[in-house]
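Working notes, structure below.
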Amino acid sequence: MRILGMAFRNVGRNRRRSALALSSVAISILLVMVMDGLMTGFLGSIVKNYTKNETGHVNIATEGYRARERFMPIDETIASSREIVDALAGLPGLEGKVQSVAERIRFGVVLSSGPRSKAALGIAGDPEAERSLLMLDRSVKEGAYLAAPGDAILGERLAEDLGLGLGDTLKVVTQKADSGLGFKRFRVAGIFRTGVNSLDEAVFQVGIADARELLGLPEGASQQLLVILKDYRDSDKAAGLMAGALGAKGLRGLSVQPWTAMGDFPKLVKMAASVYYWMYAVVAFLGAFIITNIMMMVVLERRKEIGVLKSMGMPSREVLALFLAEGTMLGALGAAVGAGLGLAFNAVFSKLGFDFTSAMSGFDWPMDNIVYPRPNVLAALAFFAMGTAVAAIVSLLPARSAARMNPVEAIRSAV
């Protein structure tokens, strides 16, 4: 306690110098906090745009479908999607965390118009639900989105290859769930352009009721249920709770997986996050490095004082602890200010968001371009600890220099 009291008084001896060191650390931790908020929000936006198109935050399908997922088997469907949706409603532990549950079917088809034909991918779901998921309604450049039974929208290049325009009849042939041949005519209600070749050249979308009729599926059946959570980071816990609840209700043979367990995309997200954490450490060290310079100046200016203290019997380890405590205090105070300001910044812009629509104006791909930084109290505490630890590390060299001084030479050189 004596060392801490002395260190606290010494920090206030040259307030201008201490303010400079404190400000440097505060700015670096503020930058780290802002970067972390933006990074978390940006990664959250990437995850959101990926999961709403592909898997959902939690994906529910039959175990048979999961085993042959790459082939999009039509004979592996959930018999009663509504029963599962009802089972998930109000599930203990997930109150207020589930944003929506959407049914979806994917299937391969052959599209034809007159003498022309082409293989394509059909995507079916509730049109209103898909407005916030696949969001192809935003990319419709001609016509309108799905509004009535029998409507279909298709990619611009796919329409060109088939020679189709608005209002034309699109013939669809596919294999039904019973291995028979399915055939249905659709009206081209809209043509979309996303700028993504895989969508514009080979995708068409219809309502899920039309898909069930085409594929010979019973009412209420679907291949997958996409569960969208309010926070994608709850997916692992949510998947466990859902699997347990469905099993308890006797709904067997279902595979409930979080998006983190599906494919290689989650690994890329984790790798990107780890790269950012190394960047944070570098920024924190750069901000705290000024403490090394200031503490070296302090040691040189207080050589006589150090010599007197050591002559009076203060051990070298206490001299080391004294200067180390001074540098650490500067870092702790600066880190506290920076973390507090950064948390406030992220809290404000978590409501306002950053709109990157203009920056993405060259892309028509249906995605949400607003990034919301995430305020995180635990992250603020972690970065406060980081700033304090970095300050202690960079203070070690000048503190050791002071501890190793010969008291006689220190007093003599200061005269």
Side-chain angles (χ1 to χ4, degrees), residues 47 50-108 121-126 129-130 133-134 174-180 182 206-267:
V47 170
Y50 168 78
T51 54
K52 71 181 178 59
N53 290 339
E54 300 293 333
T55 63
H57 295 140
V58 178
N59 186 278
I60 303 175
T62 66
E63 294 176 352
Y65 177 83
R66 196 75 71 200
R68 297 187 288 143
E69 191 167 359
R70 68 173 65 183
F71 303 110
M72 299 178 292
I74 297 302
D75 57 334
E76 288 290 350
T77 57
I78 302 170
S80 179
S81 301
R82 180 51 52 187
E83 185 179 354
I84 294 178
V85 173
D86 293 340
L88 298 179
L91 187 64
L94 288 180
E95 298 90 343
K97 294 184 178 182
V98 177
Q99 183 171 312
S100 63
V101 182
E103 301 168 296
R104 187 175 286 175
I105 302 174
R106 291 173 177 260
F107 52 100
L121 170 67
I123 301 178
D126 178 72
E130 294 296 342
L133 295 179
L134 198 58
T174 189
Q175 183 178 4
K176 297 171 65 175
D178 61 3
S179 299
V206 297
I208 195 165
D210 286 326
R212 287 168 179 152
E213 180 182 348
L214 171 65
L215 299 169
L217 297 176
E219 182 68 25
S222 63
Q223 272 180 335
Q224 307 174 66
L225 287 176
L226 279 61
V227 182
I228 305 299
L229 305 173
K230 293 183 178 179
D231 189 339
Y232 71 92
R233 292 171 295 185
D234 293 331
S235 60
D236 291 333
K237 176 183 176 183
L241 291 173
M242 291 176 187
L246 295 177
K249 289 184 176 292
L251 298 171
R252 307 295 181 184
L254 295 177
S255 170
V256 182
Q257 290 192 0
W259 71 274
T260 53
M262 303 181 68
D264 294 327
F265 180 76
K267 299 176 184 177

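- The line from CE of Met262 to CG of Asn59 is 4.0 Å long, rounded to the nearest 0.5 Å.
- The heavy-atom pair separating Val206 from Ala211 by the smallest distance is CG2-CB, 4.2 Å.
- For Asp231, the side-chain hydrogen bond (donor to acceptor under 3.5 Å, both in side chains) partners two or more places apart in sequence, or in a different chain, are Arg233.
- Ser235 approaches Thr260 most closely through the heavy-atom pair OG-CG2, 4.1 Å.
- Between the side chains of Thr55 and Trp259, not a single donor N or O lies within less than 3.5 Å of an accepting N or O.
- Here the closest non-hydrogen pair linking Pro73 and Arg68 is CD-O, 3.1 Å.
- Expressed to the nearest 0.5 Å, how far CD of Glu54 lies from CG of Leu133 amounts to 12.0 Å.
- Separating the OG1 atom in Thr62 from the CD atom in Gln224 is a distance of 9.5 Å, to the nearest 0.5 Å.
- A salt bridge links Lys267 with Asp264; the closest basic N to acidic carboxylate O contact falls under 4.0 Å.
- More than 12 heavy atoms of other residues, nucleotides or ligands sit less than 6.0 Å from atom CD of Glu95.
- Looking at heavy atoms from C-beta onward, Ile84 lies in side-chain contact with Leu254 at the 4.5 angstrom threshold.
- In this pair, Tyr232 and His57 present their aromatic rings tilted. The plane angle is within the 30 to 60° band.
- Side chain of Ser222 to main chain of Arg104: no donor-acceptor pair is present (N/O by atom type, distance under 3.5 Å, no hydrogens or angles).
- Residues Ile74 and Gln223 meet the side-chain proximity criterion, which asks for heavy atoms closer than 4.5 Å.
- With rounding to the nearest 0.5 angstrom, the CZ atom of Phe107 is 8.0 Å from the CG atom of Leu121.
- Counting only heavy atoms from C-beta outward, the side chains of Val58 and Gln257 never approach each other to under 4.5 Å.
- Taking a cutoff of 4.0 Å between a charged side-chain nitrogen and a carboxylate oxygen, Arg66 and Glu76 do not qualify as a salt bridge.
- The line from OG1 of Thr77 to CZ of Arg212 is 9.5 Å long, rounded to the nearest 0.5 Å.
- When all heavy atoms of Ala177 and Asp75 are compared, the closest pair comes out as O-CB, 3.7 Å.
- The shortest heavy-atom contact between Arg106 and Ile123 is NH1-CD1, 4.0 Å.
- Nearest heavy atom pair, residue Pro258 against residue Ala239, reads CD-CB, 3.7 Å.
- In terms of modelled atom types and a separation under 3.5 Å, the side chain of Arg252 and the main chain of Gly247 share a donor-acceptor contact.
- Contact annotation: the side chain of Leu225 never approaches that of Met242 to less than 4.5 Å [non-hydrogen atoms, C-beta and beyond].
- In this structure, Gln99 CD and Leu229 CG are separated by 8.5 Å, a value rounded to the nearest 0.5 Å.
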